[in-house]
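A short write-up of the structure that comes next.
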2 protein chains.
Amino acid sequence: MKYDPAQKTTRGAVRTLKAFSETMLIMLGEKPFEKISVNALCEAADYPRATFYNYFDDKYDLLTYCWYRMRREVHLDQISGDPTDASFMAAFDQIYHLFDSHHDLLIAVVSHNPLDSQLVNHFIQYFTSVFTELFTARAKPQELKTPVELVAKHYSSTVLLIMEWIFLGQHPTTREEAEVYVRELLEPRFTCVE
Amino acid sequence: MKYDPAQKTTRGAVRTLKAFSETMLIMLGEKPFEKISVNALCEAADYPRATFYNYFDDKYDLLTYCWYRMRREVHLDQISGDPTDASFMAAFDQIYHLFDSHHDLLIAVVSHNPLDSQLVNHFIQYFTSVFTELFTARAKPQELKTPVELVAKHYSSTVLLIMEWIFLGQHPTTREEAEVYVRELLEPRFTCVE
DNA sequence: TTTACGTTTAGACAGTTGTAAAACATTCAT
DNA sequence: ATGAATGTTTTACAACTGTCTAAACGTAAA
C-alpha cells in the first residue's frame, strides 16, 4: 500500500481513507470493478481526484486498503502460539467467522463480479498472503521433504479455497461442515480413521 | 476469449493471432505487463490498433490466448482415462514437462513481473482452471464429505502452487522431487509409510 | 472483367489515467 | 499572532483506451 497505516495518520487522513474505502465497497455492490473509474469514485466520495492519488497508487491500491480494514477487524495475530492441531482449527474458525461476518457484503460484491474476475482474485490473493504469513509463523518443525514455505502456502490457499467455495461460490455451509472439509483436504488420515 | 480458436480461422487470421501473441511474450520478457500499452504492442507487432481490437477485447484477452497456445502444445486431454494414482502422476508429469519446456520464457517474464503481479496471477488462474476441468473429468468416486468440485480445485491449485514454486519462484527442482512434494501435500499417508 | 462480400485499416471521438506545478489551508512551535 | 512545515486541492497535461464510421483491400463467383 502507498499509504502505510502503521504511520502516524492524522485524524483527517483517517477520515479520508475511510471515506474512499467505504465508497468503494458500496460501489462494488452496485457494479463490476472494471466499470468503477477513479473519477466516479471521487465523485461519489466527494473528494477531488488528486486527493485520491495522494493516498493510493491506483484502484487496486485502494482495494488492498479495503481488505486491510476488513482483516483488521479480527485479531488473527494472537493465534501464532503453539503449533498443535487445536490451534490450527482455532485459526480456521476465526477465519470462518471473519468471512461470515461480512456475508452480505460478499454476496453483493459477487453478484456484480464473477468468481474469476480481477476483483475476486485480488481479494483471494490478499487473504492468502495474510494467512501464509500466519501459518509460516506457526509452522510445525517438519518431517517432510517439502519446504516449509510451500507447505504454509498450501495450507492458506486451501483454507481460502474453502472460504471462496462457501462464501463467494454461494454454497451455504456450517462451520462444522467447513471443518470437516479442511480436515479431509489437508489430512486424509482423518478420513481413514473415521 | 473473443476469438474462438475452434472456429474456422483462415490462414490470415492464424498469422495475425500468432504475431500478436508472440510479440506479447517477447515484450513480457522486456518490461512489466502494466507498462505494455496496446499502442506499443501494435507498434511492435506492426499491425494497426483496429486489428488488435478485431481479435481481442483487451490486453488480458490476448494474454488468455497466449496461455491457450502454450497449453495446446502438450496433449493433456488423453489422460482422463482411469482414475488410478498412476494416471494422476502421469498427468502431473506432463504438467511438469509443459512448464519445464518453457523454462527460459518463464524466467524472463518473472524478472519483470513479480509473483504477486496481475500477470502471474492471470497465468496461474488460467492453468488452474484448465487443470480443474481435467481433474473433475477424472475424479474418483468419492468416500469424502467434501464436494467433488472442491476436491478437484484443491488438486489443481496445489499442483499449480508447486509449479509456481519451482518455475516462477526460482527453486530448481527435479521432476522426482516435485513428485514427492505433490504426494506429501495431497496424500500425507505417503510420508507415514516412508 | 466486373460484381459482391467480408475483412482490414485509418482516422476521429469521448472518456480515463497518472503526474506535476502551483495555489491554497491547517497545524503548531515560537 | 507569525511564520514554517505540512498536507490538500486546483488545474493542466500527455498518453492511453475502447468504440465507431467510412474508406480501402482482397478474393472468389458470375
Side-chain angles (χ1 to χ4, degrees), chain A residues 1-24 27-28 30-66 112-114 117-119 122, chain B residues 1-24 27-28 30-66 112-114 117-119 122:
Chain A
M1 278 183 282
K2 177 174 186 176
Y3 203 88
D4 182 3
Q7 296 294 82
K8 16 118 204 147
T9 51
T10 70
R11 201 167 296 107
V14 171
R15 198 172 44 232
T16 312
L17 288 164
K18 189 178 167 190
F20 276 121
S21 54
E22 287 182 351
T23 305
M24 174 57 104
M27 294 183 85
L28 281 178
E30 294 167 350
K31 51 169 104 170
F33 179 65
E34 296 81 33
K35 297 284 177 194
I36 301 176
S37 71
V38 177
N39 273 331
L41 186 76
C42 293
E43 192 75 22
D46 210 39
Y47 275 91
R49 240 164 59 83
T51 302
F52 176 87
Y53 285 108
N54 242 349
Y55 288 97
F56 308 105
D57 287 324
D58 48 33
K59 288 201 294 184
Y60 299 93
D61 198 36
L62 168 55
L63 272 192
T64 304
Y65 183 73
C66 290
H112 296 283
N113 297 276
S117 63
Q118 283 194 29
L119 176 83
H122 191 272
Chain B
M1 275 182 284
K2 178 173 185 175
Y3 203 87
D4 181 3
Q7 296 294 81
K8 15 115 204 155
T9 54
T10 68
R11 200 166 299 105
V14 171
R15 197 173 44 232
T16 311
L17 288 164
K18 190 177 166 191
F20 275 122
S21 54
E22 288 183 349
T23 305
M24 174 58 103
M27 293 182 85
L28 282 178
E30 293 166 351
K31 53 166 103 172
F33 178 66
E34 297 81 34
K35 297 284 178 196
I36 300 176
S37 70
V38 177
N39 272 331
L41 186 75
C42 293
E43 191 76 20
D46 211 39
Y47 275 91
R49 238 162 62 83
T51 302
F52 176 87
Y53 284 107
N54 243 350
Y55 286 98
F56 308 104
D57 287 324
D58 48 32
K59 286 200 295 183
Y60 298 92
D61 199 36
L62 168 55
L63 271 194
T64 305
Y65 183 73
C66 289
H112 295 282
N113 297 275
S117 63
Q118 284 195 28
L119 177 82
H122 191 274

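Chain naming here is simple, since letters A, B, ... match the order of the sequence lines and numbering starts at 1 in each.
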When you compare the side chain of [Y] with that of [X], does any pair of heavy atoms fall below 4.5 Å?
{"X": "A:V14", "Y": "A:L17", "answer": "no"}
{"X": "A:C42", "Y": "A:F20", "answer": "yes"}
{"X": "B:T64", "Y": "B:F56", "answer": "no"}

Under 6.0 Å between the ring centres of A:Y65 and A:Y3? no
Is [X] atom [atom1] crowded by more than 12 heavy atoms from other residues, nucleotides or ligands, each under 6.0 Å away?
{"X": "A:K18", "atom1": "NZ", "value": "no"}
{"X": "A:E34", "atom1": "CD", "value": "yes"}
{"X": "B:K35", "atom1": "NZ", "value": "no"}

Measure from [atom1] on [X] to [atom2] on [N] and round the result to the nearest Å.
{"X": "B:E43", "N": "D:dC16", "atom1": "CD", "atom2": "P", "result": "10 Å"}
{"X": "B:Y3", "N": "C:dT8", "atom1": "OH", "atom2": "C1'", "result": "12 Å"}
{"X": "A:R15", "N": "D:dT8", "atom1": "CZ", "atom2": "P", "result": "10 Å"}
{"X": "A:D61", "N": "C:dT19", "atom1": "CG", "atom2": "P", "result": "11 Å"}
{"X": "B:R11", "N": "D:dG26", "atom1": "CZ", "atom2": "P", "result": "16 Å"}

Taking C:dT17, D:dT9, C:dA12 as options, the one with an atom nearest any side-chain atom of A:Y47 is D:dT9
Interface residues of residues 50-60 of chain B with DNA chain C (non-hydrogen, below 4.0 angstrom): B:A50, B:T51, B:N54, B:Y55
Within residues 34-42 of chain B, which residues have any heavy atom lying less than 4.0 Å from an atom of DNA chain D?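 Under 4.0 Å from DNA chain D: B:S37, B:V38, B:N39.
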B:E22: which residues meet the salt bridge (charged side-chain N to carboxylate O under 4.0 Å, His left out) condition with it, sequence neighbours left out? B:R69
